[in-house]
Number of protein chains: 2
Amino acid sequence: MRWDALEEEPCSMARTIGVIGDRWTLLILRECFLRTRRFEGFQSALGITRHLLAERLKKLVRQGVLRRIPYQEAPKRHEYILTQKGLDLYPIMMAIVHWGDTHMVDTRGRPLLHEHRKCGKNFDPVMVCSECGEPLSAKEVHTHPGPGARSTPAIQAPEKPKARARRSAA
Amino acid sequence: MRWDALEEEPCSMARTIGVIGDRWTLLILRECFLRTRRFEGFQSALGITRHLLAERLKKLVRQGVLRRIPYQEAPKRHEYILTQKGLDLYPIMMAIVHWGDTHMVDTRGRPLLHEHRKCGKNFDPVMVCSECGEPLSAKEVHTHPGPGARSTPAIQAPEKPKARARRSAA
DNA sequence: TCTTTATAGTTCTAAAAACGAACTGTCAAT
DNA sequence: ATTGACAGTTCGTTTTTAGAACTATAAAGA
């Protein structure tokens with residue numbers, strides 16, 4: 001499967017994975033949420049090769065997740081900042097962090113605490129139903145096709161030749 | 001950076017990315033949540049190469065996200081099912097789907113709708129604060145080091161020689 | 001019985017992606 | 001005139017992934 005094909009899939013998850021579904025991109029986005037904005041900042045925080053970093057930033061800009069904004073002339077320099085589309089990735093980031101906090105911490109406990117300014121407390125992110133406000137879990141959710149569904153809700157294999165015609169000749 | 005190094009990072013996000021942060025793994029997990037359990041099921045739904053599929057499944061089992069359970073003897077066959085650790089990935093999956101629903105749909109609308117059995121309505125997942133129940137956004141959250149923090153909360157570049165000695169001598 | 005099919009992999013080669021290091025270019029400061 | 005900060009680009013090597021074929025076990029079919 002070519003990865004740009006992902007964005008054509010009739011599956012919001014596949015499309016999203018096509019945008020942010022690789023390791024460096026996710027780490028770059030983590031840095032964005034930690035207020036990193038410049039090329040050197042990303043590079044030295046992550047240790048990513050400059051080549052890949054340039055490519056990933058370009059892609060995120062192309063996708064509308066980051067905006068490239070000049071912060072000085074002569075020489076032209078730009079910063080990369082999250083668009084609203086990028087800021088909307090926050091729940092994904094928090095969900096990832098929270099899973100790590102729950103299942104991947106060592107004996108010393110979680111590396112980072114999150115304080116909610118509104119209520120002043122350290123919190124965990126909880127995913128709830130927009131309609132009734134109850135916390136969600138996989139088993140309480142039933143999926144069915146929406147208006148954008150194609151015949152197949154999932155990614156389809158490339159037409160599997162079906163391995164027939166084994167005895168047809170020879 | 002070697003990818004197994006990610007799991008050593010003092011960052012829950014990096015550690016999680018070390019487990020699920022690649023495209024095929026995320027797609028495999030999507031299939032798991034859609035009730036796929038067997039090798040051939042994953043392979044034909046995704047079009048992933050058998051080689052990679054075998055490797056990814058092995059890794060997810062090693063990480064405790066999937067359990068490999070025999071469903072017949074002679075020949076020995078196994079199913080891959082989500083552990084609790086795996087089921088706990090649900091908020092990540094939903095957050096990814098929701099972002100795609102919001103930002104990546106074409107004109108026809110979202111491919112899949114989600115119904116909350118408890119309240120019977122189609123819903124969107126919303127991430128809220130565990131303490132006050134208010135929806136979260138990036139700007140309302142302040143992070144600070146937790147007990148598992150090392151000096152550096154972020155991934156550190158490999159020791160950058162730092163190019164100092166700017167005025168000290170020479 | 002001999003062949004095909006279903007299932008779950010493994011093995012092999014070629015192609016693609018990532019790594020790592022060096023290089024380019026602009027400007028400010030020394 | 002040289003060095004350093006910054007933001008990349010280029011290039012040769014290594015690692016990963018793709019794609020196809022092959023192995024193995026057992027049931028079903030001709």
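Sequence lines set the chain letters: A, B, ... in the order given, protein chains first and strands last, and positions in each chain run from 1.
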Next item on the list: For Q43(B) and dT10(C), give me the distance from atom CD to atom P, rounded to whole Å.
Entry: 14 Å
Check: Please give, in whole Å, the distance from dT11(C) C1' to L53(B) CG?
Finding: 16 Å
Next item on the list: Could you tell me the separation between the CD atom of E40(B) and the C1' atom of dA6(C), rounded to a whole number of Å?
Entry: 7 Å
Margin query: Suppose the criterion is salt bridge (charged side-chain N to carboxylate O under 4.0 Å, His left out): which pairs have a residue in residues 51-61 of chain B, not counting sequence neighbours?
Written below: D22(B)-R56(B)
Notebook entry, point to check: Applying ring pair (Phe, Tyr, Trp, His ring centres under 6.0 Å), which residue pairs with at least one partner in residues 46-86 of chain A are found, sequence neighbours left out?
Noted result: none
Next item on the list: Can you sort out the partners of H114(B) under side chain to side chain donor-acceptor pair (under 3.5 Å), two or more places apart, ordered by chain and number?
Entry: none
Next item on the list: For nucleotides 16-21 of chain C, just jot down a letter per nucleotide in 5' to 3' order: B, S or -, based on protein non-hydrogen atoms under 4.0 Å.
Entry: --SSB-
Check: For V105(A), which fellow cluster members are found when Ile, Leu, Val, Met, Phe, Trp and Tyr are connected by side-chain heavy-atom distances below 4.5 angstrom, either directly or through intermediates?
Finding: none
Notebook entry, point to check: What residues, two or more places apart in sequence or in another chain, satisfy salt bridge (Lys or Arg N to Asp or Glu O under 4.0 Å) together with R108(B)?
Noted result: D106(B)
Next item on the list: Classify the nucleic acid contact of F42(B) as base, sugar-phosphate or nothing, counting any heavy atom under 4.0 Å across all strands shown.
Entry: nothing
Item checked: With S12(B) via side chain to side chain donor-acceptor pair (under 3.5 Å) - residues at least two apart -> D101(A)
Checklist line | Partners passing side chain to side chain donor-acceptor pair (under 3.5 Å) against E134(A) (at least two apart in sequence or in another chain) | finding: none
Margin query: When you compare the side chain of I48(A) with that of I28(A), does any pair of heavy atoms fall below 4.5 Å?
Written below: yes
Note to self: Which residues in residues 57-72 of chain A have a heavy atom closer than 4.0 Å to any atom of DNA chain D?
What the structure shows: K58(A), R68(A), Y71(A)
Note to self: Strictly under 4.0 angstrom, non-hydrogen atoms only: write out the protein contact profile of nucleotides 24-30 of chain C, one letter per nucleotide from the 5' end, B, S or -.
What the structure shows: -BBS---
Let me have the donor-acceptor pairs involving side chains of residues 82-92 of chain B, under 3.5 Å, with sequence neighbours excluded, atom names and distances please.
{"residue": "T83(B)", "atom": "OG1", "partner": "G64(B)", "partner atom": "O", "Å": "2.6"}
{"residue": "T83(B)", "atom": "OG1", "partner": "V65(B)", "partner atom": "O", "Å": "3.1"}
{"residue": "T83(B)", "atom": "OG1", "partner": "K85(B)", "partner atom": "N", "Å": "3.3"}
{"residue": "T83(B)", "atom": "OG1", "partner": "G86(B)", "partner atom": "N", "Å": "3.0"}
{"residue": "Q84(B)", "atom": "NE2", "partner": "D88(B)", "partner atom": "OD1", "Å": "2.9"}
{"residue": "K85(B)", "atom": "NZ", "partner": "Q63(B)", "partner atom": "O", "Å": "2.8"}
{"residue": "D88(B)", "atom": "OD2", "partner": "H103(A)", "partner atom": "NE2", "Å": "2.7"}

Checklist line | Counterpart residues, ring-ring contact (aromatic ring centres under 6.0 Å, His included), relative to F123(A) (two or more places apart) | finding: H116(A)
